[in-house]
Amino acid sequence: MGVIGWIVVGLLAGAVAKAIMPGKDPGGIIVTMLIGIAGGLLGGFLGKVIFGVDSIDGFFELSTWVAAVVGSVILLALYRMLTGRGHRRGRAHA
(Lines give C-alpha, C1' and ligand atoms only; values in the text may rest on other atoms or scores of the structure.)
Protein backbone atom coordinates (compact mmCIF):
# COMPACT_ATOMS: atom_id res chain seq x y z
CA MET A 1 0.00 0.00 0.00
CA GLY A 2 1.37 3.42 -0.91
CA VAL A 3 1.68 6.56 1.15
CA ILE A 4 -1.60 7.99 -0.14
CA GLY A 5 -3.33 4.71 0.74
CA TRP A 6 -1.99 4.86 4.30
CA ILE A 7 -3.15 8.46 4.66
CA VAL A 8 -6.67 7.56 3.48
CA VAL A 9 -6.81 4.47 5.70
CA GLY A 10 -5.47 6.50 8.62
CA LEU A 11 -7.96 9.30 8.18
CA LEU A 12 -10.93 6.96 7.88
CA ALA A 13 -9.80 4.58 10.65
CA GLY A 14 -9.16 7.53 12.98
CA ALA A 15 -12.62 8.94 12.20
CA VAL A 16 -14.25 5.55 12.86
CA ALA A 17 -12.31 5.27 16.14
CA LYS A 18 -13.60 8.70 17.20
CA ALA A 19 -17.15 7.64 16.27
CA ILE A 20 -16.80 4.45 18.34
CA MET A 21 -15.43 6.40 21.30
CA PRO A 22 -17.52 9.58 21.44
CA GLY A 23 -16.33 12.48 23.50
CA LYS A 24 -14.31 15.61 23.28
CA ASP A 25 -10.89 15.07 21.80
CA PRO A 26 -8.03 17.55 21.93
CA GLY A 27 -7.04 16.95 18.30
CA GLY A 28 -8.11 17.94 14.85
CA ILE A 29 -7.98 16.17 11.51
CA ILE A 30 -4.17 15.88 11.50
CA VAL A 31 -4.14 14.18 14.92
CA THR A 32 -6.99 11.92 13.78
CA MET A 33 -5.02 10.93 10.69
CA LEU A 34 -1.82 10.30 12.64
CA ILE A 35 -3.67 8.20 15.22
CA GLY A 36 -5.27 6.24 12.39
CA ILE A 37 -1.99 5.60 10.57
CA ALA A 38 -0.22 4.59 13.77
CA GLY A 39 -3.30 2.57 14.74
CA GLY A 40 -3.12 0.67 11.47
CA LEU A 41 0.50 -0.19 12.14
CA LEU A 42 -0.28 -1.16 15.72
CA GLY A 43 -3.26 -3.26 14.64
CA GLY A 44 -1.17 -5.04 12.02
CA PHE A 45 1.57 -5.72 14.55
CA LEU A 46 -0.90 -7.04 17.13
CA GLY A 47 -2.59 -9.22 14.52
CA LYS A 48 0.77 -10.73 13.63
CA VAL A 49 1.87 -11.26 17.23
CA ILE A 50 -1.41 -12.45 18.75
CA PHE A 51 -3.03 -14.36 15.87
CA GLY A 52 -0.04 -15.09 13.65
CA VAL A 53 -1.72 -13.56 10.58
CA ASP A 54 -0.65 -10.81 8.21
CA SER A 55 -3.58 -8.45 8.77
CA ILE A 56 -2.24 -5.57 6.64
CA ASP A 57 -2.69 -7.02 3.16
CA GLY A 58 -4.02 -4.27 0.93
CA PHE A 59 -6.25 -1.24 0.75
CA PHE A 60 -9.42 -3.17 -0.12
CA GLU A 61 -8.91 -6.03 2.33
CA LEU A 62 -11.27 -6.17 5.31
CA SER A 63 -8.46 -7.29 7.61
CA THR A 64 -6.58 -4.05 6.88
CA TRP A 65 -9.52 -1.92 7.92
CA VAL A 66 -10.34 -3.98 11.02
CA ALA A 67 -6.70 -3.88 12.16
CA ALA A 68 -6.50 -0.13 11.52
CA VAL A 69 -9.72 0.62 13.44
CA VAL A 70 -8.83 -1.63 16.40
CA GLY A 71 -5.34 -0.13 16.61
CA SER A 72 -6.80 3.38 16.31
CA VAL A 73 -9.26 2.78 19.14
CA ILE A 74 -6.40 1.56 21.34
CA LEU A 75 -4.25 4.59 20.50
CA LEU A 76 -7.15 7.02 20.89
CA ALA A 77 -7.82 5.64 24.38
CA LEU A 78 -4.13 6.03 25.26
CA TYR A 79 -4.06 9.54 23.76
CA ARG A 80 -7.08 10.56 25.82
CA MET A 81 -5.52 9.18 29.00
CA LEU A 82 -2.24 11.00 28.37
CA THR A 83 -3.72 14.35 27.34
CA GLY A 84 -6.52 14.27 29.90
CA ARG A 85 -4.27 13.75 32.88
CA GLY A 86 -4.18 16.71 35.23
CA HIS A 87 -7.12 18.51 33.62
CA ARG A 88 -9.90 18.71 36.16
CA ARG A 89 -12.82 20.62 34.84
CA GLY A 90 -15.68 21.83 36.92
CA ARG A 91 -14.43 20.62 40.27
CA ALA A 92 -13.63 22.82 43.21
CA HIS A 93 -10.36 22.18 44.96
CA ALA A 94 -10.66 21.42 48.65
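Computation of the quantities below employed the complete heavy-atom set of this structure, encompassing side-chain atoms and omitting hydrogens, waters and symmetry-equivalent molecules.
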Nearest 0.5 Å, please: how far is CD1 in Ile74 from CD1 in Ile35? 12.5 Å

Measure the shortest side-chain to side-chain distance between Ile20 and Val69 over non-hydrogen atoms and say whether it is less than 4.5 angstrom. yes

Which atom of Ser72 lies closest to which atom of Gly36, heavy atoms considered: OG-CA, 3.2 Å

Counterpart residues, side-chain contact (heavy atoms from CB on, under 4.5 Å), relative to Leu12 (two or more places apart): Val8, Trp65

Keeping Arg80 on the side-chain end and Met21 on the backbone end, is there a donor-acceptor pair under 3.5 Å? yes

Does Ile37 have any side-chain contact (heavy atoms from CB on, under 4.5 Å) partners at least two apart in sequence or in another chain, and if so, which? Ile7, Met33

Specify the closest pair of heavy atoms between Ala13 and Ala68, including all atoms of both residues, with the distance to one decimal. CB-CB, 3.7 Å

Any side-chain heavy-atom pair from Leu42 and Leu75 closer than 4.5 angstrom? yes

